[in-house]
Structure formats: structure tokens, C-alpha cells
Amino acid sequence: MLRAENLTKTYRRHAVAVRVLTGLDLEVHTGEFLSIIGASGSGKSTLLHLLGTLDAPDSGAVYLDDKRIDNLPTRGRDELRNKTFGYIFQFYHLLPELTTLDNVLMPAYIQHSVMGWWSARGEWRKRATELLEKVGLGHRLKHRPRELSGGEMQRAAVARALLTKPRVLLADEPTGNLDADTGAEIVKLLRGLNRDEGVTIVMVTHNLEIVSATDRVVRMAGGVLTDDTRSFRPHAPRPHLAATV
Ligand code: ADP
Ligand code: MG
């Protein structure tokens, strides 16, 4: 469904060039929950940004359903970002002045003109409320982010990311700011949504504890993925990852 081919990316700061991706290939299959692990600074966020057209590679290409998406004009990229991809980040990025419900509705506000919103708002509110119930926040619709715990804020961010029924959810260290138990709950939630909503998930993390809940794990090192072929079957004994990262 989503494919990266020979991606390279170098950041330049004054005279210093940081080669982050050096010819990376990746294939993401429809419906899978993939995790990408790697040390801090190995380029995980960079890769996620390129997959989600938030940034462009220096060379190589990204394909969605065999259509190239890394070189689209602004309009095409906006469309993908609004409808095809959902994004979750480590620090939630909720707007502090808005209620939980309004935060989740934000992608819909952005999509519509004032008139368009007027006629569509009932449907969107219904979808947002259902999603908030699904992530366990049905009793927090009117709360502001500062009145929520970290785990609750991330649940709200998950609901927001799913509002427009994206096909692919890109999650960048979604448990990075949470304690172990709360992080595990978020991954469990993502696992359930992957199943129930049929959303494909690419999750970046450096937390090896949480990847056992996912379908497949690939590791970034040296600007490429080093073990793309190793799949985790739910009931098979797992190799010990900590020793190899
Ligand atoms: P990770 O998410 O795995 O921690 P990143 O993709 O954020 O890694 O970053 C990879 C490397 O690229 C790091 O060395 C980082 O400092 C550098 N980097 C990331 N973004 C930029 C940028 N916008 N400008 C310059 N260097 C950057
Ligand atoms: Mg990162």
C-alpha cells in the first residue's frame, strides 16, 4: 500500500551535513501494524515525515497504491495530509483553549468552509463523540487538555487523528511521554483500532517493550532498515531485541 524506495535525506547546517537516510526501502502492507525501532537520532521521525509527505526526500520516491506521492504539488499533499494520513506525536499537540471534543473536531473545521461546516457539523460531532467513546473518553468531552492526564491527552490525539477516517496512521513515539503502563494501554488501543477501523499503522518508537503488540518490527540503523524481513508472528517465540539495538 505504502512504499518507500531508495530514500535519501541529508540535513545541512552551515558546513555540517548529517546524512540521515542513505537509501532506505520500506513496504507497508494494507491493514498491518508496523513498528519502526532505532536509537534516538537514527532518523525515525525523518522517515515518518517523508512517508506522510510532511517533508520531501533528497532522492528516491514514496508511493501510495503505486502512485508517487513524494513530489506532488502542494494541493495534492494537503489532500493526502487531510484525508489519507492521520498523525500522532509524542507531545499530543492539543490546543489548550479547546475542549476535548473541539480538539478532535479540528481536522473537520479545517476541511470545511463556514457554510460547509454548518450542514456537515452534525455528522462530524457524531463521529467525534463515537471515537472519543471508543478511546475511553466519552466522559471527558467538555474537558480542556490541562484537565486531562497524559494518557487521556494521547487518547484524544488518537481520536483526532482518526476523525477523517485516514487509511494510514503515522505515530511518532506515541508512548514516549507516558509511563510504561499507560504507554502499553495506548498501544493496546491502537491495536484495537487497527482491527476495528481497518487503519494501517506505522509506529515509530525506541521502546522495545511495546512492539510485541504489533505485526512486524523493522529497525533503523545507518540510514536504512536492517531487518525488514523479520516478521513477528503472534504466538512464535520472539528474538531478544534489546541485545541487537
Ligand atoms: P529520530 O526520530 O530517530 O530520533 P530524527 O529523524 O529526528 O531521528 O533525526 C535524525 C538526525 O537528523 C538527528 O541527528 C537530528 O539531529 C537530525 N535532524 C533532524 N531534523 C533536522 C533538521 N530539521 N535540521 C537539521 N538536522 C536535523
Ligand atoms: Mg524522533
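We count ligands from 1, going down the list as the structure has it; atoms in each ligand are counted the same way.
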Enumerated ligand 1 atoms positioned under 4.0 Å from heavy atoms of Ser40
4 (O)
Identify whether the distance between the nearest side-chain nitrogen and carboxylate oxygen of Glu185 and Arg155 falls below 4.0 Å.
yes
Minimal non-hydrogen separation, Thr53 against Ile69, with atom names
CG2-O, 3.6 Å
Which residue supplies the protein heavy atom nearest to atom 27 (C) of ligand 1, what is that atom called, and how far is it?
Tyr11 CD1, 3.2 Å
Under 6.0 Å from the CD atom of Glu209, do we count more than 12 heavy atoms belonging to anything else shown?
no
Might you check, step by step, whether the distance between atom 6 (O) of ligand 1 and some protein heavy atom is under 4.0 Å?
yes
Min N/O separation Val18 to ligand 1 under 3.5 Å
no
Pick one of side chain, backbone, both or neither for how Thr46 approaches ligand 1, counting any non-hydrogen atom pair under 4.0 Å.
both
Within less than 4.0 angstrom of ligand 1, does Gly41 place any heavy atom?
yes
Is Asp78 paired with Arg75 through a side-chain N to carboxylate O contact shorter than 4.0 Å?
no
Nearest-0.5 Å distance that lies between atom CG in Leu170 and atom OG in Ser45:
11.5 Å
Does the protein put a heavy atom under 4.0 Å from atom 19 (C) of ligand 1?
yes
Say you draw a straight line from CZ of Phe85 to CZ of Arg77; how long is it, rounded to the nearest 0.5 Å?
12.0 Å
Can an N, O or S atom be found in Ser45 less than 2.8 Å away from the Mg ion (ligand 2)?
yes
